Number of protein chains: 2
Amino acid sequence: MNIKKADKIPSIVVPRLSRYYRILFELDSSPLISSKVLSEHTGFTAAQIRRDLAYFGQFGSPGRGYNVEELKKTIKNILGLDRAWNVCVIGTGNLGMALLGYNGFKDQGFEVVAAFDSDPEKIGKTVNGIKILSISEMAKVVREKNIQIGLLTVPGRVAQQAAENAVNSGIKSIMNFAPVHLKLPENVKVRHIDMTVEIERLSFMISRE
Amino acid sequence: MNIKKADKIPSIVVPRLSRYYRILFELDSSPLISSKVLSEHTGFTAAQIRRDLAYFGQFGSPGRGYNVEELKKTIKNILGLDRAWNVCVIGTGNLGMALLGYNGFKDQGFEVVAAFDSDPEKIGKTVNGIKILSISEMAKVVREKNIQIGLLTVPGRVAQQAAENAVNSGIKSIMNFAPVHLKLPENVKVRHIDMTVEIERLSFMISRE
DNA sequence: TAGATTGTTAATCGATTAACAATC
DNA sequence: TAGATTGTTAATCGATTAACAATC
């Protein structure tokens, strides 16, 4: 595995890599797989798949295809999944609680190691082995537990404030579930899962058929 | 309000409309708003905002900007939010339960009116006023309650099957939360909220700074 | 060798942006 | 009228695809 440090990766490529990666585990594993077969299983074109992978190096072998095990390792490395990530939940409402109980991330190396809330009623309770802590302890805990990612599941009206507090506590990347566009320093990595926007896309699609 | 039936809307435009729409409610409402001001609040360029809106007609007034109330109504109409949508939750695990308790969709006209599960332990229980029903009742309930949208929150391994069952029960559009690409008839509208892909994007971003 | 498939180039497609006449 | 801002055109930018020499 010899991954090129391409610095101009269109960001749209990355979720496709995740999809390729997932497919490699779902398929009966013949030792080799071609871009054509990956195409059939993902719906992306074979050319696009080859192009996407080529951003990072030459992993295939002409006439034969890609070695499945090697490709798994390669994409795992590209996506940063070859290490453990410590995650915290910020806001233990319905969604925060659900994420505390969700084990789907764990398989890929994301472990929820802490949860924070501002509600005295909730602080001190334990959910799925995780004790809910006061947000005032965030800086200390982020340091002690080496937390890299915050899952922001607070109500929209306090999301900006909670995000700033998380950043001040040392969190460098945030998965924002609140229906609010966060304004944060450029060095903070943010992804936004905006369910309201998504359900409105669906409503748009249904409305104009 | 005179909305053009433009048939070639780039699908990327739609989530931006949602964002504009949201901002209109968040801002102190002067009667008019310019693409420049919308730009400052959303981060999209003014040219892009004007272009996006122009796909659907001429809503602005040169030299003055857009009438806020009219623009709200217009986007509401474009997104199909000027009516009620009946929604069901399919799968009452952690996430399904969270969505049953989530009221954020209601404001935009999406009401959860039913929940389904296959687990006899759960069937019959009531959560947030919604009784959990057997999936075998789905066809009947979808018809009776006029359900248009299914929120698919079952485990990945049964997602395809559950989705097919939903479609056979009359569901025409699905918000898929399972980490699986669904293969469904073309006329079924699907949006995919893929948390695994999203957290892997974050991991990618952190890994290569 | 014949057939298959990669990696890459060049062509195409589609979305964004700059610029400005029209207009309030 | 002077200033502001739209809607739209043309130019630019960036991503996708077709095609194919290289190679297994």
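The figures that follow rest on heavy atoms only: side chains count, while hydrogens, waters and symmetry mates do not. Keep in mind the model is a prediction, meaning the values are calculated, not measured. A, B, ... follow the sequence lines: proteins, then strands. Residue 1 opens every chain.
Taking CG of A:Leu53 as the reference point, atom CD of A:Gln58 lies at 12.0 Å (rounded to 0.5 Å). Interatomic distance, A:Thr153 OG1 to A:Leu100 CG, rounded to the nearest 0.5 Å: 8.0 Å.
Summarising the geometry, the separation between CG on B:Asp52 and C1' on D:dT8 is reported as 14 Å, rounded to the nearest angstrom. Atom CD of A:Glu70 is separated from atom C1' of C:dT6 by 13 Å (rounded to the nearest Å). To the nearest angstrom, C1' of C:dT6 lies 13 Å from CZ of A:Arg51. Whole-Å rounding puts the A:Ile49 CD1 to C:dG7 P distance at 12 Å. Rounded to whole angstrom, the span from the CZ atom of B:Phe56 across to the C1' atom of D:dT6 amounts to 17 Å. We find that CD1 of B:Ile12 is positioned 7 Å from P of C:dT16, with the value rounded to whole Å. In this structure, the CD atom of A:Gln48 is 15 Å from the P atom of C:dG7, given to the nearest Å. Separating the CG atom of A:Leu53 from the C1' atom of D:dA15 is a distance of 16 Å, rounded to the nearest angstrom.
Consecutive Watson-Crick or G-U pairing (both distances under 3.5 Å) extending over three or more pairs maps onto DNA chain C as C:3-24 with D:3-24.
Annotation: cation-pi geometry not satisfied between B:Lys76 and B:Tyr21 (NZ/CZ under 6.0 angstrom from ring centroid, within 45° of ring axis).
Considering only side-chain N and O atoms, A:Tyr66 lies nowhere under 4.0 angstrom from the phosphate OP1 or OP2 of C:dA4. Distances shorter than 4.0 Å separate none of the side-chain N or O atoms of B:Tyr55 from OP1 or OP2 on D:dT8. Look at A:Gln58 and you won't find any side-chain N or O under 4.0 angstrom from OP1 or OP2 of C:dG7.
The minimum heavy-atom distance linking A:His192 with A:Asn176 is given by the pair CD2-O, 3.0 Å. Of all heavy-atom pairs between B:Ser18 and A:Val197, the closest is CB-CG2, 3.8 Å. Smallest separation of non-hydrogen atoms from A:Leu71 and A:Leu38: CD2-CD1, 4.4 Å.
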Heavy-atom protein contacts under 4.0 Å, nucleotides 18-24 of chain C, coded B base, S sugar-phosphate only, - none: BB---BB
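The side-chain hydrogen bond (donor to acceptor under 3.5 Å, both in side chains) pairs that include a residue from residues 155-165 of chain A are A:Gln160-A:Glu164, where partners are two or more places apart or lie in different chains. Listed by first then second residue, pairs satisfying side-chain hydrogen bond (donor to acceptor under 3.5 Å, both in side chains) with a partner in residues 88-115 of chain B read B:Thr92-B:Asp117, not counting sequence neighbours.
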Would you list the atom pairs, donor with acceptor, under 3.5 Å between side chains in residues 139-150 of chain A and any protein atom, with sequence neighbours excluded?
from	atom 1	to	atom 2	distance (Å)
A:Lys145	NZ	A:Val113	O	3.4
A:Gln148	OE1	A:Asn86	N	2.8
A:Gln148	NE2	A:Asn146	O	3.2

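A salt bridge links A:Lys72 with A:Glu69: the distance from a Lys NZ or Arg NE/NH1/NH2 to an Asp or Glu carboxylate oxygen falls below 4.0 Å.
Within residues 31-39 of chain B, the residues that have a heavy atom under 4.0 Å from DNA chain D are, in order of number, B:Ser34, B:Ser35.
A:Leu99 is listed as a side-chain neighbour of B:Met195, based on a closest heavy-atom distance under 4.5 Å.
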